[in-house]
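The structure under discussion appears below in the form of structure tokens.
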Amino acid sequence: MICPHCAFDNFPGSEQCGNCQADLTQLDRPVAQDRVERSLMEDPLSQLKPRRAVTLPRSVTVKHAIEVMLSHDIGAVLIVDDDGNLIGIFSERDLLTKVADPDVDHMLRPVSDFMTANPETVRPTDTLAFVLHKMDVGGYRHLPVLKDGQPLGMISVRDMLTHITRLCKTCGK
């Protein structure tokens, strides 16, 4: 990477010029090449209008949580304390990996026994690229959206794919 201040030829990815110590971090930023990349890099999550959070208290039974997920056609619910603060998420993955046991019926146990405590979260102001990266690295299909510590909504991989697909359909138009 050539320093714009002194023309010194630095190693690719250098954060600082080896000659004049100038900051080079701004020069190594990716640049959006099309509408999809621009949206991912610049648009805040709020633009997708995440689905309103479906919350349940920690004491609700696994059976009730499943009924709520089925009736709302969602893959996860947020578990909150008495003040409405997020304490966990109960997802299809939790159901399959922690609840499903042919020898034991867990349906009447509290969902808090099986939820994923302290889940990763995102904010409405986070970029779509940040949210997608967090989903990819963590292997998450759902991420709670928090504002001021309170559950605001839920974003899913499906929501992200729908947005990207919509952008691709209008590319070149």
Under a 4.5 Å cut-off applied to non-hydrogen side-chain atoms, are [X] and [Y] in contact?
X    : Y    : result
P151 : L146 : yes
N10  : C3   : yes
F90  : V99  : yes
M154 : V77  : no

In Å and rounded to the nearest 0.5 Å, what is the [atom1] to [atom2] distance from [X] to [Y]?
X    : Y    : atom1 : atom2 : value
S112 : L56  : OG    : CG    : 11.5 Å
H5   : Q21  : NE2   : CD    : 12.0 Å
T127 : M41  : OG1   : CE    : 9.0 Å
H163 : S39  : NE2   : OG    : 3.0 Å
L24  : F8   : CG    : CZ    : 10.5 Å
L152 : R123 : CG    : CZ    : 13.0 Å

Which atom pair, heavy atoms only, marks the closest approach of [X] to [Y]?
X    : Y    : answer
H142 : S156 : CD2-CB, 3.8 Å
R141 : M135 : O-CE, 4.1 Å
V111 : A65  : CG2-CB, 3.9 Å
T116 : K98  : OG1-NZ, 3.4 Å

For atom [atom1] of [X], is the number of surrounding heavy atoms from other residues, nucleotides or ligands below 6.0 Å larger than 12?
X    : atom1 : answer
D101 : CG    : yes
K63  : NZ    : no
R109 : CZ    : yes

Short side-chain to backbone donor-acceptor contact, [X] and [Y], under 3.5 Å:
X    : Y    : answer
K147 : G153 : no
D81  : D83  : yes
D105 : M107 : yes

Exercise. Do T162 and D159 meet the criterion of a side-chain donor-acceptor pair at a distance under 3.5 Å?
Worked result: no
query = Do D23 and Q16 meet the criterion of a side-chain donor-acceptor pair at a distance under 3.5 Å?
reply = no
Is there a path of hydrophobic side-chain contacts, each under 4.5 Å between heavy atoms of I/L/V/M/F/W/Y residues, joining [Y] to [X]?
X   : Y    : value
V54 : Y140 : no
L48 : L167 : yes
V80 : I155 : no
L86 : M115 : no

### Task
Could you check L40 against I164 for side-chain contact (heavy atoms from CB on, under 4.5 Å), going step by step and ending with a plain yes or no?
CA-CA 9 Å; L40 290 173; I164 293 168; 4.2 Å; yes
query: When you look at L128 and L45, which way does the side-chain contact (heavy atoms from CB on, under 4.5 Å) test go after all the steps?
result: CA-CA 5 Å; L128 298 179; L45 175 60; 4.2 Å; yes
Per side-chain contact (heavy atoms from CB on, under 4.5 Å), I87 is matched among N118, L78, I79 by I79
Residues 66-76 side chain polar contacts: donor-acceptor under 3.5 Å, at least two apart:
unit_1: S71; atom_1: OG; unit_2: E67; atom_2: O; d: 3.2
unit_1: S71; atom_1: OG; unit_2: V68; atom_2: O; d: 3.1
unit_1: H72; atom_1: ND1; unit_2: V68; atom_2: O; d: 3.0

Residues 42-67 vs ring pair (Phe, Tyr, Trp, His ring centres under 6.0 Å), sequence neighbours excluded, gives none
ring-ring contact (aromatic ring centres under 6.0 Å, His included) filter on H106, not counting sequence neighbours, yields F114
